[in-house]
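A quick write-up on the structure given underneath.
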Amino acid sequence: MIVVAGEALIDLVPSPQEPSPSSQGVDAATPDGRLPALQPQRGGGPYNTAVALGRLGSPAAFCSRISTDAFGAALLHGLHSSGVDTSLVQRGSEPTTLAVADISPDGSAGYGFYADGTADRLFTLPPALPAAVRALSLGTCSLVLEPGASAYEALLHREARRGVFTALDPNIRAGLIADPDAYRSRFRTWLPDLALLKMSEEDALWLAGAGAAAGGGWDTVTAAAEEWLAAGPAAIVLTRGGSGMTVLTRGGGELTVPGERVEVVDTIGAGDTVNAALLHRLDAHDALSYAAVTALGEDDWRDILRFAARAAAVTCSRAGAEPPFAGELAA
């Protein structure tokens, strides 16, 4: 079983709109200046990853704290309908976290969060995970927002040290990080207990303390990745938008596969789908262990990355975080 630990929330996503006429000088989503309707959709990086794993056919469980409100009930329903085990889910009467999405013309999404006093951030460290657990995946807001962040961090360290394969997608939400340098320091303490690190190129630049505006580029990313690999992970997978996906390994290997061509509706959940697809395909290669990942060859990684790219392309082709089912990726 693969356990995904982290937040579950509701994305509020603007309805598809016609552009407002520039001749009217109205900077609004509708021709008459009305605000767009917001559609509630199940979300949260770890939640999406768990759902994607279930849809791909991997035995998966979700470890989190979910509200008892109506949104929480909907989140649980989404897990159950995708075949995800919820026995590790804690419940609380606090409200569900909300994330208001802002969709750019290219389909990329930014978020504003309403997370004060919400149920997911009050997560507490559970007892040892079941013996059947082979992998643990974490990331996103859950490792930022206290007091839950410390509990998720403790879960990572504890399970890694008892031999569970661990994967992390930081999935940076800079607006939630009050002290970037402190977060970067904390991130480095996770590296010795990670087998797989996955992130976007933009997140790698942010974690390296650089950015495109400051002249950061691929050389900056690879230099930072070499440092992170030396600290622990067997491999780092970097998503690069239209440039595809690259894996860098502890042994010095580097392989890039191109992205899949698709008409992008939005990118919500695409990175989370990659997380799930990587874990699912690694399992297919019997590689859910640190030693097995280090032993993977170029052909193995090419297959794994291409599968993840296909899965992410399906998610991008439809609105919201709607990852594919296994049958949609049959080749």
Side-chain angles (χ1 to χ4, degrees), residues 1-8 42-64 66 75-89 126 129-140 142 152 155-156 159-160 163-169 171 194-198 234-235 237 239 245 247 260 269-293 296 300-316 321-331:
M1 176 180 286
I2 299 172
V3 171
V4 186
E7 78 277 358
R42 303 173 185 94
Y47 179 89
N48 296 337
T49 299
V51 168
L53 277 166
R55 290 185 178 188
L56 290 173
S58 284
F62 190 52
C63 181
S64 183
I66 292 179
L75 288 163
L76 279 178
H77 176 78
L79 293 166
H80 293 153
S81 64
S82 296
V84 178
D85 185 303
T86 59
S87 60
L88 296 172
V89 171
L129 298 182
V133 173
R134 301 175 58 220
L136 172 66
S137 173
L138 303 100
T140 318
S142 54
Y152 286 113
L155 179 65
L156 165 64
E159 296 302 314
V164 173
F165 182 91
T166 53
L168 171 70
D169 176 11
N171 202 9
L194 293 178
L196 176 67
L197 177 61
K198 173 265 175 185
V237 173
T239 57
M245 204 176 304
V247 62
E260 296 279 324
D272 311 323
T273 300
V274 170
N275 297 339
L278 290 172
L279 291 168
H280 178 81
R281 205 62 164 186
L282 282 168
D283 194 18
H285 284 262
D286 196 23
L288 285 182
S289 73
Y290 192 100
V293 170
L296 290 172
D300 300 319
W301 276 116
R302 184 175 291 107
D303 172 72
I304 292 163
L305 296 186
R306 284 178 172 170
F307 181 81
R310 291 202 308 273
V314 174
T315 301
C316 289
E322 289 293 340
F325 291 86
E328 297 178 89
L329 301 178

Trace of the side chain to side chain contact (heavy atoms under 4.5 Å, CB included) decision for Leu196 with Leu168: CA-CA 7 Å; Leu196 176 67; Leu168 171 70; over 6 Å; no
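- Listed for the Glu328 side chain is a donor-acceptor partner under 3.5 Å among the backbone atoms of Phe325.
- Between the CG atom of Asp169 and the OG atom of Ser137 there is a distance of 7.5 Å, given to the nearest 0.5 Å.
- A heavy-atom distance below 4.5 Å is found between the side chains of Leu288 and Ile2.
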Would you check, one step at a time, whether the test side chain to side chain contact (heavy atoms under 4.5 Å, CB included) holds for His285 with Asp303? CA-CA 10 Å; His285 284 262; Asp303 172 72; 2.7 Å; yes
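- Within 6.0 Å of NE2 in His77 there are 12 or fewer heavy atoms belonging to other residues, nucleotides or ligands.
- Rounding to the nearest 0.5 Å gives a distance of 11.0 Å between CG of Leu75 and CD of Glu7.
- The OG1 atom of Thr86 sits 7.0 Å away from the CG atom of Leu79 when rounded to the nearest 0.5 Å.
- Considering only heavy atoms from C-beta on, Ile304 stays 4.5 Å or farther from Val247 through its side chain.
- Of all non-hydrogen atoms in Ala321 and Arg42, the two that sit nearest each other are CB-O, 4.4 Å.
- Lys198 places no side-chain N or O within donor-acceptor distance of the main-chain N or O of Thr239, the cut-off being under 3.5 Å.
- Side-chain contact between Pro46 and Thr49: absent, with no pair of heavy atoms (C-beta onward) separated by less than 4.5 Å.
- Glu159 places no side-chain N or O within 3.5 Å of a backbone atom of Val164 that could act as its donor or acceptor partner.
- Interatomic distance, CG of Leu279 versus CG of Leu56, reported as 10.0 Å (0.5 Å rounding).
- The minimum heavy-atom distance between Phe165 and Tyr290, with the atom names listed, is CD1-N, 4.1 Å.
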Can you list the steps and then say if Arg134 with Asp283 is a side chain to side chain contact (heavy atoms under 4.5 Å, CB included)? CA-CA 9 Å; Arg134 301 175 58 220; Asp283 194 18; 2.6 Å; yes
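- Residues Val293 and Leu282 come closest through the heavy atom pair CG2-CD2, 4.4 Å.
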Please report the C-alpha distance between Glu322 and Arg55 in whole Å, then the side-chain angles of each, then the deciding distance to 0.1 Å, and finally whether the salt bridge (charged side-chain N to carboxylate O under 4.0 Å, His left out) criterion is met. CA-CA 10 Å; Glu322 289 293 340; Arg55 290 185 178 188; 3.1 Å; yes
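- One N or O on the side chain of Thr166 and one on the backbone of Ala195 form a donor-acceptor pair closer than 3.5 Å.
- Formation of a donor-acceptor pair under 3.5 Å by the Ser58 side chain with backbone atoms of His280 is not found in this model.
- Pairing each heavy atom of Thr140 with each of Gly45, the nearest pair is OG1-CA, 3.8 Å.
- Heavy-atom minimum distance, Cys63 versus Pro126: SG-CG, 4.1 Å.
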Please assess Val237 against Trp301 for the test side chain to side chain contact (heavy atoms under 4.5 Å, CB included), listing each intermediate value before the final yes or no. CA-CA 10 Å; Val237 173; Trp301 276 116; 4.2 Å; yes
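- The aromatic rings of Tyr47 and Phe62 stand perpendicular to each other, their planes meeting at an angle above 60°, with 30° marking the opposite boundary.
- Pro324 places a side-chain heavy atom less than 4.5 Å from the side chain of Thr273.
- Note that CG of Asp272 and CG of Asn171 are 6.0 Å apart. Values are rounded to the nearest 0.5 Å.
- Distance alone, capped at 3.5 Å, is enough to place a donor-acceptor pair between the Ser82 side chain and the Gly78 backbone.
- Within the model, atoms CG of Leu53 and CG of Asn275 stand 8.5 Å from one another, a figure rounded to the nearest 0.5 Å.
- Closest of all the heavy-atom pairs between Ala308 and Ala277 is CA-CB, 3.6 Å.
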